[in-house]
Asks: 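Here it is: the structure, laid out below.
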Amino acid sequence: MSLIFDRQKENESSETHQVTNQPSALKDYNVYTSDYALQHWTAVYGGSWAEDQLQQYGHRCGHDLLEAGFLANENKPLFETHDRFGHRVDLVRFHPAYHQLMSAAINAGMHSLPWTSEQQGAHVARAAMEYLHFQADAGSGCPLTMTFAAVPALKHAPEIAKEWLPKITACHYDHSNRPYFEKAGVTIGMAMTEKQGGSDVRANSTRAYPLTSDTGNSKTYELFGHKWFCSAPMCDAFLVLAHTEKGLSCFLMPRWRPDGNKNAMYIQRLKNKLGNISNASSEIELRGAFAWMIGEEGRGVPTIIDMVAMTRFDCMVGSSALMRQALAQAIHHTGGRAAFGKNLHDQPLMQNVLADLAIESEAALAMSMRVGAALDNLDNEQEQLFARLATAVGKYWICKRAPHFTYEAMECIGGVGYVEENILPRLYREAPVNTIWEGSGNVQCLDVLRAIQKDPKVLDAFFQELQQSAGQYRSYDQYLENLRGSSFFSVDFIQKHQR
C-alpha cells in the first residue's frame with residue numbers, strides 16, 4: 001500500500017529529478033582580474049599603466065559584452081540589395097549587439113591606442129584589451145583589427161592620411177550609412193584576394209585606371225574587377241589591390257564618393273562561413289569604383305605589408321584569446337563537477353590535461369605580448385629584426401594550435417560543451433579562421449624564408465632571443481643547438497625553397 005502511494009506521489013509531480021552536479025555558467029566575472037597570466041605579461045612588457053582601463057574593460061567582457069557576443073552570433077548579419085523603392089543600397093544590417101561590441105571597443109581605443117598614446121607599451125596595452133574583447137566576441141575583432149592596421153599603410157599617402165587618420169583614430173563609432181566626410185569616426189576594411197589568386201595577390205585581375213592627373217600628392221583612379229573576400233563590407237573605406245600599367249598598386253576605396261554619391265562597389269553576397277558569424281564577409285564587384293592610390297605605383301605589396309604585419313600580429317593575439325577563453329571554461333566546469341568519486345579537476349588525468357592546456361595558453365599569450373613589446377620598440381634594430389621573424393612564426397604556431405586546443409577544452413567539459421548554449425562550439429568554429437586569414441601556414445613558412453633571404457640578420461636576432469632562455473633546461477639547450485645546426489637555415493635550402 002505504501003509503495004502504491006509513493007508512486008502516485010511521483011506521478012503527480014511535474015519533475016522527475018533534481019538537477020545536481022552541474023556547474024554554473026561562467027559569466028558575471030572580470031576577464032582581466034581573473035587572469036593572472038595576462039596581468040603578469042602586461043606588466044612585464046610595459047603595459048601596466050593601462051591597468052584601470054583594462055580592469056574596466058575586463059569587467060564588461062565578462063558581463064554585458066559577453067552576452068552581446070552570444071546575441072551577435074545568434075543573429076547573423078543580413079544583406080539588403082535594394083530598398084523598398086527599388087534603389088540599389090548594398091546594405092548589411094547587424095544585430096544591435098554587434099554595434100554594442102564595436103562601440104565599446106572603439107570608445108575604449110582598442111582600434112587606435114598605439115597611434116594616439118604617448119605611453120611606452122601602448123601596443124602591449126592594446127593587445128591586452130584585444131585579448132579581452134576576443135573572449136567576448138571574435139567576429140567584431142575583424143573590422144577593429146583592419147581599422148587599427150590601416151594606419152601604417154595610409155601614412156604612405158600623406159595627403160590622404162591628413163584627412164582620414166583623425167577619423168580612423170577617433171574614439172567614436174558611427175555605423176550610419178552616410179559619407180565618410182559627415183562622420184567623426186570611421187572604420188576601414190580590406191578587399192585583397194580574388195577567386196583565381198587567393199594569397200597570391202599578384203594574380204589579381206582587378207584593374208585601376210587614372211581619373212585625373214596628379215593633383216598635390218594624391219592620384220584618383222577608378223577600379224574595375226572583383227574581390228572574392230571583402231571583410232566587413234559596411235566599413236567606410238577599404239584598402240584594395242589593383243593593377244595599373246606599372247603593376248600591382250594599393251588604393252583606398254571609400255564606400256561613398258567624395259561628391260556624396262554611392263561608390264560603384266556592389267556586394268554580390270555574404271559568405272556563409274563556418275565561424276566568425278557576427279562579422280560579415282562578402283564578395284564584391286567594382287564597376288568603376290572611385291579610389292585614391294596609396295604609396296608608389298606598382299609597389300602595392302610593399303605598401304600593404306605594413307598593414308599585414310599588424311593584422312598578423314592580431315591573429316596571434318586573437319587565437320591566444322580563444323585559447324584562454326576555452327581554458328577558462330574548462331577550468332570552471334571541471335572545478336564544479338564531480339566524477340568517479342572526486343571533483344573532476346582533482347582527477348590525475350584531468351589535472352594533466354588542464355596543466356598542459358594552461359601552459360600552452362600562457363605560452364601563446366607570452367609570445368604574443370613579446371611581439372607586442374617589439375612593436376613598441378621598432379626604433380631598436382634588434383627588436384625590429386625580431387618582430388619581422390617572430391610575427392610569422394607566432395602567427396603560424398599559435399593559430400595552428402588553436403583549433404585543437406579548443407577541441408581539447410571542449411572534451412574536458414564533455415557533452416554540455418558540445419551544445420550551442422555553451423561558448424565552446426563558437427570558439428571551435430572560430431579557431432581556424434586566423435590560420436587562414438592573412439596567409440595560411442605555408443604562406444607564413446615562405447615568409448620566414450623570404451625574411452631570412454632578404455636580411456639574414458633577422459635569424460641572428462631570433463636566435464639571440466631564444467638564447468636568453470638557455471642554461472635552465474638541458475632538453476631546451478639541446479634542441480636549440482640542433483636548431484642552429486639545422487640544414488633548414490643553410491643558404492642553399494633557403495634559395496631553393498624561395499624559388
Asks: Would you kindly say whether Tyr32 and Glu51 are connected by a side-chain donor-acceptor distance under 3.5 Å?
Replies: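 There is such a pair between these side chains.
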Asks: With sequence neighbours excluded, give me every side-chain hydrogen bond (donor to acceptor under 3.5 Å, both in side chains) pair touching residues 310-323.
Replies: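 Output for this query lists Arg126-Asp314, Thr145-Asp314, Thr311-Glu438, Arg312-Asp447, Ser319-Asn434, Ser320-Ser368.
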Asks: Given 3.5 Å as the limit, does a donor-acceptor pair link the side chain of Asp90 with the main chain of Ile267, or not?
Replies: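 Side chain of Asp90 to backbone of Ile267: a pair is present.
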Asks: Can you see which heavy atom on Met192 is nearest to which on Lys227, and at what distance?
Replies: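 Nearest heavy atoms, Met192 then Lys227: O-NZ, 3.2 Å.
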Asks: Please list all pairs passing the ring pair (Phe, Tyr, Trp, His ring centres under 6.0 Å) test where one or both residues lie in residues 425-449, with sequence neighbours left out.
Replies: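 Residue pairs with at least one partner in residues 425-449: there are none.
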Asks: Please state whether the rings of Phe313 and His123 are parallel, tilted or perpendicular, taking 30° and 60° as the class boundaries.
Replies: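 Correct class here is perpendicular.
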Asks: Quick one: does any side-chain atom of Trp49 pair with a main-chain N or O of Gln120 as donor and acceptor, under 3.5 Å?
Replies: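 Side chain of Trp49 to backbone of Gln120, a donor-acceptor pair under 3.5 Å: yes, one is there.
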Asks: Identify every side-chain donor-acceptor pair in residues 73-80 under 3.5 Å, counting partners at least two apart or on other chains, and give the distances.
Replies:
{"from": "Asn73", "atom 1": "OD1", "to": "Ser278", "atom 2": "N", "distance (Å)": "3.4"}
{"from": "Asn73", "atom 1": "ND2", "to": "Gly69", "atom 2": "O", "distance (Å)": "2.7"}
{"from": "Asn73", "atom 1": "ND2", "to": "Asp137", "atom 2": "OD1", "distance (Å)": "2.9"}
{"from": "Asn75", "atom 1": "ND2", "to": "Leu71", "atom 2": "O", "distance (Å)": "2.8"}
{"from": "Lys76", "atom 1": "NZ", "to": "Asn272", "atom 2": "OD1", "distance (Å)": "3.1"}
{"from": "Glu80", "atom 1": "OE1", "to": "Arg93", "atom 2": "NE", "distance (Å)": "2.7"}
{"from": "Glu80", "atom 1": "OE1", "to": "Arg93", "atom 2": "NH2", "distance (Å)": "3.2"}

Asks: Could you list the donor-acceptor pairs under 3.5 angstrom formed between side-chain atoms of residues 160-170 and any protein atom two or more places apart in sequence or on another chain?
Replies:
{"from": "Lys167", "atom 1": "NZ", "to": "Lys183", "atom 2": "O", "distance (Å)": "2.5"}
{"from": "Thr169", "atom 1": "OG1", "to": "Leu165", "atom 2": "O", "distance (Å)": "2.8"}

Asks: Can you tell me how far CD of Glu194 sits from OG1 of Thr206, rounded to the nearest 0.5 angstrom?
Replies: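 Separation between the atoms: 3.5 Å.
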Asks: Please identify each residue that fulfils ring pair (Phe, Tyr, Trp, His ring centres under 6.0 Å) with Tyr221, with sequence neighbours left out.
Replies: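 Listed in chain order: Phe251.
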Asks: Just to verify, what does His40 make a ring pair (Phe, Tyr, Trp, His ring centres under 6.0 Å) with, not counting sequence neighbours?
Replies: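 Counting only residues at least two positions away or on another chain, His40 forms no ring pair (Phe, Tyr, Trp, His ring centres under 6.0 Å).
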Asks: Ring of Phe70, cation from Arg426 - is the NZ or CZ under 6.0 Å from the centre and inside 45° of the axis?
Replies: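 So Arg426 does make the cation-pi contact.
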Asks: In terms of relative ring orientation, are Trp115 and Phe148 parallel, tilted or perpendicular, with 30° and 60° separating the classes?
Replies: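 Ring orientation of Trp115 relative to Phe148: parallel.
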